There are 2 protein chains.
Amino acid sequence: MNETLHRPDDLGAIGDILGFHIRLAHGAVYRHFSETFSDLDLTQKQVSVLWLVDDHPDIAQADLGRALQMDRATVMAIVNRLQGRGLLVRGASRIDRRRQTLTLTDAGKDALARARVAILDHESWLKGRFSAVEVQMLIALLSRIHGAGVA
Amino acid sequence: MNETLHRPDDLGAIGDILGFHIRLAHGAVYRHFSETFSDLDLTQKQVSVLWLVDDHPDIAQADLGRALQMDRATVMAIVNRLQGRGLLVRGASRIDRRRQTLTLTDAGKDALARARVAILDHESWLKGRFSAVEVQMLIALLSRIHGAGVA
DNA sequence: TATTGTTATACTCTATAACTATA
DNA sequence: TATAGTTATAGAGTATAACAATA
C-alpha cells in the first residue's frame, strides 16, 4: 500500500525515537537561523564563537572546544574563517606559550552586536511557542543530554 | 581577566539561548550515534531513510523529504549513497510516472534489522537520564518546534 | 606524558540553481 | 503552473591522524 502517501502526517514507529525528534528540531532551528542570519552571513557556530570570545577575553581555542563541545580541528576551521574575515585575531599568551589568546576586532564586535539583535528575532520565533516555564523545562532537559554548564 | 579559564563551567549569557542548548544536545546525540553505528557504517539520516522506506513501501523521494524535512537534492544524495551500497532500489511508479518508488533490498532489510538493535543501545543511553514522563514531555516540546507528525 | 595549536584529508549534510519529464 | 527527479556545485561542520612546540 501507500504509494499514495504524499503527505505522511504520521511518523509511525520512528516517532518514538527521541533522537529523531532532536534531529528534526535541530534542523528546523538551523534553517530558521540561516534565514535570519543570511544578511549577516554568520552561522550558529560562528556566532557562538564570537559570543564566547567576547564574554571571555583572551580565551583559547581549546577552551572554545570544551565549551562548545567541538574537536580542536573543528575549532581551528571556524576560527580560521572568522580570522580570515577580520572578525577576531590570534595573540600570544604570556603565561602559557602553547596557547593563543583570541580577541574580537572592532569589526568582530560590530558583527556580534548585530548578531545579538538578530538572535532576539530568532529566539522569539523559537520561544514563542512555549511558556516561560516550558522554556526553562526544555533547557533543563536538554542540559541533561549535553551536560554542559552544570558547574 | 580569565586567561586562566581552562574549564569554563559556566556558559554565561549564552546559556539562556534555547537554540544553543538544542545545538549542543544535537551534537552530543550525533557523536554517540556515530560511535554506536561505526560498525554498521550508517548515519542518522541513512537509518531514518531505511526505516521510513521499510515502514512505507513504495514511498517516493519527495515524501521522504517532507517526512524528514530535507531538500530534494539532499534526499537525492542520501538515496544515491544507499542505492550505491545496494541497500535499496529505485523503481517506476505505475500511477505517476514522475515518481520513483523506493524499496529495500534484502541487504537493506538486513542492515535495518541490525540498525534497530543498535538504536536500542543508543536510545537507552539517551533516554536513561529521563523518566518515562519526561521523555514524553521532551518529545512533545520538541514536536512543537519541528511541527512534524501532528496529524 | 599531556596539552595546544596546526595541517592535511575526507565524509556528510545542506542548500541553490538550472534542467527534463510529467501532471 | 506545479511537482518529481536529476545534476552540478559549493559551503559548513565534523572528525581522524600526524606533527611540532610547550608544559
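Convention: sequence-line order gives letters A, B, ...; per-chain numbering from 1. Fair warning: this is a prediction, and the values are worked out from it, not measured in the lab.
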Phosphate OP1/OP2 of [N]: any [X] side-chain N/O under 4.0 Å:
X	N	answer
Arg66(A)	dT3(C)	no
Arg31(B)	dG13(D)	no
Gln44(A)	dG13(D)	no
Gln61(A)	dT6(C)	yes
Thr43(B)	dC13(C)	yes
Arg81(B)	dC13(C)	yes

Solution key, residues 71-90 of chain B side-chain donor-acceptor pairs under 3.5 Å, sequence neighbours excluded:
residue, atom, partner, partner atom, Å
Asp71(B), OD2, Ala73(B), N, 2.8
Asn80(B), OD1, Arg90(B), NH1, 3.1
Asn80(B), OD1, Arg90(B), NH2, 3.0
Asn80(B), ND2, Met76(B), O, 3.4
Gln83(B), OE1, Arg90(B), NH1, 2.7
Arg85(B), NH1, Asp41(B), O, 2.8
Arg85(B), NH2, Asp41(B), O, 3.1
Arg90(B), NE, Gln61(B), OE1, 2.9
Arg90(B), NH2, Gln61(B), OE1, 2.8

Consider the side chain of [X], meaning its heavy atoms from C-beta on, and name the nucleotide among [options] that approaches it most closely.
X	options	result
Arg97(A)	dA23(D), dT4(C), dG5(D)	dA23(D)
Arg90(B)	dG5(D), dT4(C), dT6(D)	dT6(D)
Asp96(A)	dT6(D), dA23(D), dG5(C)	dA23(D)

For residues [X] and [Y], determine if any side-chain heavy atom of one lies less than 4.5 Å from a side-chain heavy atom of the other.
X	Y	result
Val53(A)	Asp58(A)	no
Leu138(B)	Ile145(A)	yes
Asp110(A)	Thr105(A)	no
His21(B)	Leu24(B)	no
Val49(A)	Gln46(A)	no
Glu134(B)	Arg129(B)	no
Ile139(B)	Ser143(B)	yes

Requested in this report: Grab the two heavy atoms, one from Ala28(B) and one from Trp125(B), that are nearest each other, plus how far apart they are.
Outcome: O-CH2, 3.7 Å
Which parts of [range] get close to DNA chain C, meaning a heavy atom less than 4.0 angstrom away?
range	answer
residues 68-79 of chain A	Arg72(A), Ala73(A), Met76(A)
residues 110-124 of chain B	none
residues 14-22 of chain B	none

Euclidean distance, atom [atom1] of residue [X] to atom [atom2] of [N] [Å, nearest integer]:
X	N	atom1	atom2	value
Gln46(A)	dG11(D)	CD	P	13 Å
Asp58(A)	dT4(C)	CG	P	16 Å
Arg99(A)	dA23(D)	CZ	P	12 Å
Phe37(B)	dT12(C)	CZ	P	15 Å
Gln100(A)	dT3(C)	CD	C1'	14 Å
Tyr30(B)	dT14(C)	OH	C1'	13 Å
Lys45(A)	dC13(C)	NZ	P	16 Å
Leu102(A)	dT4(C)	CG	P	13 Å

**Report entry** Donor-acceptor under 3.5 Å (Arg23(B) side chain, Leu68(A) main chain)
**Finding:** no
Query raised in the report: How is Arg23(B) classified with respect to the nucleic acid when contacts are heavy atoms under 4.0 Å: base, sugar-phosphate, or nothing?
Result: nothing
Quick one: side chains of residues 117-124 of chain B, donor-acceptor pairs under 3.5 Å with protein atoms, not counting sequence neighbours, listed by atom name and distance.
residue, atom, partner, partner atom, Å
His122(B), ND1, His32(B), ND1, 2.9
Glu123(B), OE1, Leu18(A), N, 2.9
Glu123(B), OE1, Lys127(B), NZ, 3.1
Glu123(B), OE2, Leu18(A), N, 3.3
Glu123(B), OE2, Gly19(A), N, 2.9
Ser124(B), OG, Leu120(B), O, 2.8

Query raised in the report: In chain order, what residues pass the side-chain hydrogen bond (donor to acceptor under 3.5 Å, both in side chains) check against Lys109(B), with sequence neighbours excluded?
Result: none
**Report entry** Phe37(B) reachable from Leu126(B) in the ILVMFWY side-chain graph, under 4.5 Å edges
**Finding:** no
Query raised in the report: Hey, does the side-chain of Arg98(B) have a donor or acceptor N/O within less than 3.5 Å of a partner on the base of dT3(D)?
Result: yes
